[in-house]
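Worksheet: one structure, shown below.
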Amino acid sequence: MTTTAGPAPEISRTLETWHRIVAAKDATDLPSIIAEDVVFRSPAFFKPYPGREAILLVLGTVLTVFEDFAYHREFLSLDGRSVILEFSARIGDKRLKGVDIFRFDDTGLIVEMEVMVRPGNALMALGQTMAERAGPGLKALLAGAS
C-alpha cells in the first residue's frame with residue numbers, strides 16, 4: 001500500500017484558499033480554485049449539479065447559511081488527489097455534522113465536490129434554507145443548461 005505524507009503543493013494551495021474563503025465567508029476568490037467542468041453533489045439531491053456557475057451559486061449561498069461553522073479533521077486519499085474535510089455547523093437551532101469531499105485535477109483545481117450532512121432534521125433545514133435562498137437562481141441556471 002502506497003501512502004502520501006500530504007497533499008501535493010498545488011492542492012495545498014487550493015485548500016489554503018478554501019479555508020480562507022470559508023473563514024471570511026467571502027466567495028470572491030472561489031472561482032480561482034474551481035475547474036470550469038466541476039461537478040457538485042449536494043447532500044439534498046441525488047442528481048449532481050454540473051459546471052462552475054452552479055457550484056459558485058450554491059457555495060456562495062451556503063457561506064451565508066451555516067452558523068458556528070468549523071472544520072475538525074482532514075483526510076487524504078492514498079493517491080493524494082482527494083481530500084475529505086469533516087465539519088460541524090448550525091442552522092438555527094439545528095446542529096449538524098458533515099463532510100466535504102473534494103477531488104482535484106493535476107493543477108490543484110477542484111473538479112468534484114460532494115457534501116454529506118447528518119442528522120436528517122438538520123439536512124432538511126439546510127435543504128429548505130438553500131431552496132429559499134438559492135433555489136430560484138439555481139433552477140434558472142439549470143434550466144438554461146438543458
Side-chain angles (χ1 to χ4, degrees), residues 3-4 6-8 10-91 94-146:
T3 61
T4 181
E10 58 275 9
I11 293 173
S12 291
R13 284 190 294 275
T14 295
L15 288 171
E16 287 171 17
T17 301
W18 174 263
H19 285 293
R20 191 172 60 250
I21 288 166
V22 171
K25 293 188 174 192
D26 180 357
T28 304
D29 291 335
L30 200 51
S32 72
I33 61 171
I34 305 287
E36 284 289 336
D37 59 347
V38 67
V39 174
F40 176 74
R41 289 179 169 70
S42 162
F45 300 101
F46 183 75
K47 187 175 179 182
Y49 298 132
R52 185 187 269 178
E53 288 183 64
I55 196 171
L56 292 175
L57 175 60
V58 169
L59 294 177
T61 303
V62 83
L63 287 173
T64 68
V65 170
F66 284 147
E67 302 168 67
D68 303 329
F69 186 91
Y71 281 115
H72 304 286
R73 295 188 290 172
E74 180 175 304
F75 303 92
L76 180 64
S77 65
L78 292 176
D79 68 0
R81 306 307 305 169
S82 298
V83 172
I84 299 172
L85 301 176
E86 178 191 49
F87 65 86
S88 63
R90 185 174 52 80
I91 299 174
K94 305 287 188 266
R95 294 202 157 288
L96 61 92
K97 294 274 293 184
V99 292
D100 291 332
I101 305 169
F102 298 95
R103 189 170 55 83
F104 302 90
D105 68 11
D106 291 338
T107 66
L109 293 179
I110 298 167
V111 293
E112 185 176 351
M113 181 179 182
E114 183 169 1
V115 179
M116 296 185 180
V117 171
R118 61 171 286 275
N121 64 348
L123 175 59
M124 290 181 358
L126 174 61
Q128 180 179 357
T129 305
M130 289 297 293
E132 292 167 0
R133 295 189 191 180
L138 194 55
K139 192 179 271 189
L141 182 65
L142 294 174
S146 302

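When reading the values below, keep in mind they use all heavy atoms of this one structure, side chains included, and skip hydrogens, waters and symmetry mates. What you see is a predicted model; the values in this text were computed from it and never measured. We're numbering straight along the sequence, starting at 1.
- Taking every heavy atom of both residues into account, A89 and F69 meet most closely at CB-CD1, 3.8 Å.
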Worksheet item: Hey, mind stepping through Q128 and L126 against side chain to side chain contact (heavy atoms under 4.5 Å, CB included) and telling me if it holds?
Response: CA-CA 6 Å; Q128 180 179 357; L126 174 61; over 6 Å; no
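- Rounded to the nearest 0.5 Å, atoms CZ (R95) and CG (N121) are 12.5 Å apart.
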Fill in: Chi angles and distances behind the side chain to side chain contact (heavy atoms under 4.5 Å, CB included) call for V83, E74
CA-CA 7 Å; V83 172; E74 180 175 304; 3.7 Å; yes
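- Listed by chain and residue number, E67, D68 satisfy the salt bridge (charged side-chain N to carboxylate O under 4.0 Å, His left out) test with R90 (two or more places apart in sequence, or in another chain).
- Residues A54 and P50 come closest through the heavy atom pair CB-O, 3.9 Å.
- E16 pairs by the salt bridge (charged side-chain N to carboxylate O under 4.0 Å, His left out) definition with nothing, not counting sequence neighbours.
- In this structure, M113 CE and D100 CG are separated by 3.5 Å, a value rounded to the nearest 0.5 Å.
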Worksheet item: For I91 and L96, what are the C-alpha separation, side-chain angles and deciding distance, and is it a side chain to side chain contact (heavy atoms under 4.5 Å, CB included)?
Response: CA-CA 8 Å; I91 299 174; L96 61 92; 3.9 Å; yes
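- The CZ atom of F87 sits 11.0 Å away from the CE atom of M116 when rounded to the nearest 0.5 Å.
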For residues 26-34, dump all side-chain donor-acceptor pairs below 3.5 Å to protein atoms at least two apart in sequence or in another chain.
from : atom 1 : to  : atom 2 : distance (Å)
D26  : OD1    : T28 : N      : 3.0
D26  : OD1    : T28 : OG1    : 2.5
S32  : OG     : D29 : O      : 2.6

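- Here the side chains of F104 and T14 are in contact, with some heavy-atom distance below 4.5 Å.
- Between E114 and R103, none of the side-chain N atoms (NZ, or NE/NH1/NH2) sits under 4.0 Å from a carboxylate O, so this pair counts as no salt bridge.
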Practice prompt. List the steps, then state whether side chain to side chain contact (heavy atoms under 4.5 Å, CB included) holds for V22 with Y71.
Written response: CA-CA 10 Å; V22 171; Y71 281 115; 4.2 Å; yes
Considering only distance and modelled atom types, tabulate donor-acceptor pairs under 3.5 Å from the side chains of residues 58-66, sequence neighbours left out.
from : atom 1 : to   : atom 2 : distance (Å)
T61  : OG1    : L57  : O      : 2.8
T64  : OG1    : T61  : O      : 2.6
T64  : OG1    : R133 : NH1    : 3.3

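- Heavy atoms only, all atoms of each residue included: I11 and G80 are closest at CD1-O, 3.3 Å.
- Every residue meeting the salt bridge (charged side-chain N to carboxylate O under 4.0 Å, His left out) condition with E10, not counting sequence neighbours, appears here in chain and number order: R81.
- What you find for L76 and P7 is that their closest heavy atoms are CD2-N, 3.5 Å.
- A search for side chain to side chain contact (heavy atoms under 4.5 Å, CB included) contacts involving A70 returns H72, S88, not counting sequence neighbours.
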